[in-house]
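The structure appears below as structure tokens.
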Amino acid sequence: MSATVSFNVPSAHGPKDVTVSYARVGHGEPLVLLHGIGHHRQAWDPVVDILATERDVITVDLPGFGASPALPAGLAYDLPTTYSVLGALFEALDLDRPHVAGNSLGGLLALELGREKLVRSVTTFSPAGFWTEAERRYAFGVLLAMRGIAQRLPLPLVEQLSRSAAGRTALTSTIYGRPARRAPQAVVAETLALARATGFEATLRAGTTVRFTDTLPGLPVTVAWGTRDRLLVRRQGVRAKQLIPHARLVRLPGCGHCPMNDDPALVARVILDGSR
């Protein structure tokens, strides 16, 4: 069941009130799941029930995405602000260094939380920040095109397309390796989430100079990459492994950029193994 929590985050103009929407289920050690840009916490739905048998699972809508309101004026959508927000969220939910797993932007945020020593393990799926400049420009161009299409498509047409495997493929093949497996209602919901994300442009602008460069010593790290990732190509996973030598690099056969729906059992196993 979804809920919201509000807390203060420091800014140059004094504390700002931030509200975040989240869902929590299961039992065991806490595990926070972070989605990518333009997505929402429901991206993790295919794996939540599996994870909840062994973890206290908290799925989060990042500020300006999903059901979470935009950040208040005076707070930027940059990495320092976002991991400050997540650190404050952990305090508000009484989470003491939870495990964290993230996809794409969420993967980069998970790594940043690890660098800040706010988490006890990091599992990432196609994390941002290991690109060349050309690869970044390509990915940002694709994301902007996806956003434009989502904003222009009338809802009745999205609903019609979602009812067929071919239509779901047309709408989501950029991020899924097996798009026909995505449920029709999920495709409609995530298309609307992409179109309505108030934090999209500001987050994308903040990412133009982002590169992850920390080795995260002493922290368990897993980096997983789908073999069908069309947004962030999988050679970026090799770069991540070179930068973080102790990281476990996992190949996800047949999976796309958002692998949670392509192979829920495999993704859940990677997360559980990485958060022991």
Might you confirm whether atom [atom1] of [X] has over 12 heavy atoms from other residues, nucleotides or ligands at distances under 6.0 Å?
X    : atom1 : answer
R248 : CZ    : yes
E116 : CD    : yes
D94  : CG    : no
N8   : CG    : yes

Run the salt-bridge test on [X] and [Y] with the 4.0 Å N-O cut-off and return the result as yes or no.
X    : Y    : result
R24  : D56  : yes
E133 : R137 : yes
R178 : D262 : no

For [Y], is there any backbone N or O sitting under 3.5 Å from a side-chain donor or acceptor partner on [X]?
X    : Y    : answer
R230 : T174 : no
R147 : A197 : yes
D229 : L232 : yes
D78  : A206 : no
R228 : G256 : no
S11  : G14  : yes

- Pairwise side-chain contact, V250 with W225, heavy-atom cut-off 4.5 Å (strictly under): no
- Query: With a 4.5 Å limit on heavy-atom distance, are the side chains of F90 and V32 in contact?
  - Reply: yes
Return the [atom1] to [atom2] distance between [X] and [Y], rounded to the nearest 0.5 Å.
X    : Y    : atom1 : atom2 : answer
R182 : N261 : CZ    : CG    : 4.5 Å
I37  : E201 : CD1   : CD    : 8.5 Å
L252 : S126 : CG    : OG    : 7.5 Å

- Applying side chain to side chain donor-acceptor pair (under 3.5 Å), run through H39 and E190 and close with a yes or a no. CA-CA 6 Å; H39 227 152; E190 63 195 6; 2.8 Å; yes
- For R234 and T227, test the side chains for any donor-to-acceptor distance below 3.5 angstrom and give the result as yes or no. no
- Item | Residue pair S6 / T19, side-chain donor-acceptor N/O under 3.5 Å | yes
- Between H99 and T123, is a side chain to side chain donor-acceptor pair (under 3.5 Å) present by the stated rule, with each step listed? CA-CA 8 Å; H99 301 285; T123 303; over 6 Å; no
- Do you reckon V47 sits in the same ILVMFWY cluster as F125, going by side-chain contacts under 4.5 Å, direct or chained? yes
- Item | Chi angles and distances behind the side chain to side chain donor-acceptor pair (under 3.5 Å) call for T208, R136 | CA-CA 8 Å; T208 56; R136 183 201 63 77; 5.4 Å; no
- Query: Among pairs that include at least one residue of residues 137-194, which meet ring pair (Phe, Tyr, Trp, His ring centres under 6.0 Å), considering only residues two or more places apart or in two chains?
  - Reply: W131-F140
- Query: Under the salt bridge (Lys or Arg N to Asp or Glu O under 4.0 Å) criterion, do E29 and R276 qualify, and how do the steps go?
  - Reply: CA-CA 9 Å; E29 294 186 351; R276 297 294 179 195; over 6 Å; no
